[in-house]
Amino acid sequence: MPQPDFFSRVLDLVAHIPYGRVTTYGHLARAVGSAGSARTVGWVLSGATASGLPCHRVVNRFGALSGAQHFPSPTFMEDALRSEGVTFDDEGCVRLDRHLWVPGDDIKPV
DNA sequence: ATGTTGACATTGA
DNA sequence: TTCAATGCCAACA
């Protein structure tokens with residue numbers, strides 16, 4: 001499969017999310033070349049929760065753990081992120097200002 | 001084959 | 001400014 005499917009592309013990016021960092025669906029969608037298909041990204045993660053990927057580092061645009069309810073334990077996501085040093089605000093949302101990671105930023109710094 | 005749903009994002013009024 | 005509607009891609013019934 002020379003051309004990875006949408007599924008593989010998203011999984012690849014999620015697997016490349018640095019430790020203690022998070023990203024959003026919109027950025028992932030844009031990174032795979034399908035800007036606007038953020039919904040499909042979430043669908044992929046739904047099948048990647050048990051794929052051994054750090055899918056818990058993917059949050060929505062507001063930094064809220066939208067998919068926490070889809071994990072084996074609803075608190076696993078928040079617990080995992082806190083375990084990596086990720087901080088949350090009073091609303092329980094990840095501080096994207098401190099941990100937001102953009103795909104390609106690590107392989108292509110400014 | 002068609003319609004609906006889904007861990008979202010963006011634009012228009 | 002806030003609220004509502006639409007778009008996107010893929011899988012499921």
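Letters A, B, ... mirror the listed sequences (proteins, then strands); counts begin at 1. All values below come from the heavy atoms of this structure, side chains included, with hydrogens, waters and symmetry mates left out.
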Using Watson-Crick or G-U wobble pairs with both distances under 3.5 Å, give me DNA chain B in dot-bracket, 5' to 3', with [ ] for crossers and | for pairs to another strand. .|||||.||||||
Output every pair passing salt bridge (charged side-chain N to carboxylate O under 4.0 Å, His left out) with a member in [range], not counting sequence neighbours, ordered by first then second residue.
range: residues 63-74 of chain A; result: none
range: residues 68-87 of chain A; result: A:R57-A:E84, A:E78-A:R82
range: residues 21-43 of chain A; result: none
range: residues 87-100 of chain A; result: none

Hey, quick one: are A:V102 and A:V32 part of the same hydrophobic cluster, counting side-chain heavy atoms closer than 4.5 Å, chains of contacts allowed? no
For residues A:L81 and A:L100: do they belong to one hydrophobic cluster (side chain heavy atoms under 4.5 Å, members Ile, Leu, Val, Met, Phe, Trp, Tyr)? yes
List the residues meeting side-chain hydrogen bond (donor to acceptor under 3.5 Å, both in side chains) with A:T24, not counting sequence neighbours, and say none if there are none. A:H27
Using the test side-chain hydrogen bond (donor to acceptor under 3.5 Å, both in side chains), find all partners of A:T87 that sit at least two apart in sequence or belong to another chain. A:H99
May I have the step-by-step check of side-chain contact (heavy atoms from CB on, under 4.5 Å) for A:W101 and A:V22, ending in yes or no? CA-CA 5 Å; A:W101 172 78; A:V22 296; over 6 Å; no
Distance, nearest 0.5 Å, that separates CH2 of A:W43 from OH of A:Y25: 14.5 Å
To the nearest 0.5 Å, atom OG1 of A:T23 lies from atom CG of A:L13 at 8.5 Å
Here the residues of residues 51-87 of chain A within 4.0 Å heavy-atom distance, strictly under, of DNA chain B are A:C55, A:V58, A:N60, A:R61, A:S66, A:G67, A:H70, A:F71
Just to verify, what does A:R61 make a side-chain contact (heavy atoms from CB on, under 4.5 Å) with, not counting sequence neighbours? none
5′-ward residue of the pair A:R30/A:Y25 relative to DNA chain B: A:Y25
Boundaries of the DNA chain B segment in contact with chain A, non-hydrogen, under 4.0 Å: B:dG6 to B:dT10
Rounding to an integer number of angstrom, what distance separates C:dC3 and B:dA7 when you compare their C1' atoms? 23 Å
Considering only atom P, compute the distance from C:dA5 to B:dT5 and round it to an integer number of Å. 16 Å
Heavy atoms within less than 4.0 Å of DNA chain C: which residues of residues 39-46 of chain A have one? Give them sorted by number. A:R39, A:T40, A:W43
Distance-only criterion, 3.5 Å: show the donor-acceptor pairs between side-chain atoms of residues 64-75 of chain A and protein atoms not counting sequence neighbours.
{"from": "A:S66", "atom 1": "OG", "to": "A:N60", "atom 2": "ND2", "distance (Å)": "3.2"}
{"from": "A:S66", "atom 1": "OG", "to": "A:A64", "atom 2": "O", "distance (Å)": "3.3"}

